[in-house]
2 protein chains.
Amino acid sequence: MAIPTPGQPVRGSRSGAPIMALFDLLGRRWGMGILWHLSQGPCSFRELQQRCETISPTILNRRLKELREALFIERCDKGYCLTPLGSDLQKLLVPLGAFSRTWAEVLPHEEASS
Amino acid sequence: MAIPTPGQPVRGSRSGAPIMALFDLLGRRWGMGILWHLSQGPCSFRELQQRCETISPTILNRRLKELREALFIERCDKGYCLTPLGSDLQKLLVPLGAFSRTWAEVLPHEEASS
DNA sequence: CATGAGCGCTACAAATTATGTAGCACCCGG
DNA sequence: CCGGGTGCTACATAATTTGTAGCGCTCATG
């Protein structure tokens, strides 16, 4: 499972359009979630695992490797943290948080129906 | 494979935080890519399949169902198109395009090495 | 030095998702 | 009736993710 790289063929673009490489990387399960949770501050592997609530260590470790290779995340004394580049990316994700709340209101609610 | 819904348990949040539901939905393979390609204008199922270059009809259809249920996409005379809500979401994705190009420059290039 | 608690990380089998190919049923123009 | 387009499904195979257990390491405490 090679890490998607701009310029190389990736899912969504044989020519490796950067946006498609990014989508491929972030579109892997937990990709965006890890960036999101890590933006709350640096933390250890196990702490991150708990922030994600239900991620398995196998996949956390794999995503961590990929995101490190992509230069979004790096090791630090506290465990893991975002790089400046990763932080830039995370900031672009923030508006999605606001959007998602609007979305949640618009969507037909599926309360535990009586 | 239930569609992630804010308020229901989703991957990344047992309590169904809207942002995690959104990440779960968009984080499925091709999720963001479909929105991206569809923003180029409404098109037919097969045309969309070609814009995505390498998507299988099985998964295109599944994502389409999910995204329609999430109110991001709807049917129209030309085939499929973004809803206003979906269009809002897609606009939030646009900055990622610019970011991805910066990223592509920063990343060590893996040219076809001699 | 033994114990316990934390760390990053890996193994492995089972379950879930995605891929690729083929092809259905439908409609339209020739 | 034939060719070409549409949306979409079936099915076997492959890839990815999950969940659980536990390794080897370090550090603080007794």
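Bear in mind that the values here come from a model prediction, so they are computed numbers and not experimental data.
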Peer 1: Could you check whether A/T54 gets within reach of a base, just the sugar-phosphate, or nothing at all, counting any heavy atom under 4.0 Å?
Peer 2: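 It contacts sugar-phosphate atoms only.
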Peer 1: Taking the inter-plane angle between the rings of A/W36 and B/F23 on a 0 to 90° scale, is it parallel (under 30°), tilted (30 to 60°) or perpendicular (over 60°)?
Peer 2: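 A/W36 and B/F23: perpendicular rings.
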Peer 1: Tell me whether the side-chain N/O atoms of B/R75 come closer than 4.0 Å to OP1 or OP2 in D/dC8.
Peer 2: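 Answer is yes, contact under 4.0 Å.
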Peer 1: Please report, rounded to the nearest Å, how far the C1' atom of D/dG7 is from the CD1 atom of B/I55.
Peer 2: 14 Å
Peer 1: Assuming nearest nucleotide by heavy-atom distance, tell me which of B/P57 and B/A2 is located more 5' along DNA chain C.
Peer 2: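 Of the two residues, B/A2 wins.
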Peer 1: Which nucleotide span of DNA chain C, 5' end to 3' end, has atoms closer than 4.0 Å to non-hydrogen atoms of chain B?
Peer 2: C/dT17 to C/dG23
Peer 1: Could you check A/T58 against A/R29 and say which one's nearest nucleotide on DNA chain C is further toward the 5' end?
Peer 2: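 The residue closer to the strand's 5' end, by nearest nucleotide, is A/T58.
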Peer 1: Regarding B/E69 and B/K65, does a basic nitrogen lie under 4.0 Å from an acidic carboxylate oxygen?
Peer 2: no
Peer 1: Counting side-chain heavy atoms from C-beta on, which of D/dT20, D/dC8, D/dT18 comes nearest to A/W30?
Peer 2: D/dT18
Peer 1: Is a side-chain N or O of A/S87 found less than 3.5 angstrom from the main chain of A/L82, in a donor-acceptor match?
Peer 2: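 Such a contact is absent between A/S87 side chain and A/L82 backbone.
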Peer 1: Listed by chain and number, what are the salt bridge (Lys or Arg N to Asp or Glu O under 4.0 Å) partners of B/R63, not counting sequence neighbours?
Peer 2: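 For B/R63, the residues satisfying salt bridge (Lys or Arg N to Asp or Glu O under 4.0 Å) (neighbours in sequence not counted) are B/E66.
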Peer 1: Would you call the rings of B/F45 and B/Y80 parallel, tilted or perpendicular, taking 30° and 60° as the class edges?
Peer 2: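 Correct class here is tilted.
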Peer 1: Would you mind reading off the distance between B/K65 atom NZ and D/dG7 atom C1', rounded to a whole angstrom?
Peer 2: 11 Å
Peer 1: Need one value for A/R46: base, sugar-phosphate or nothing, where a base atom within 4.0 Å counts as base even if backbone is also close, heavy atoms only.
Peer 2: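 Answer is base: heavy atoms of A/R46 come under 4.0 Å of a base.
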Peer 1: Considering every strand and a 4.0 Å limit on heavy-atom distances, what is the contact class for B/S44: base, sugar-phosphate, or nothing?
Peer 2: sugar-phosphate
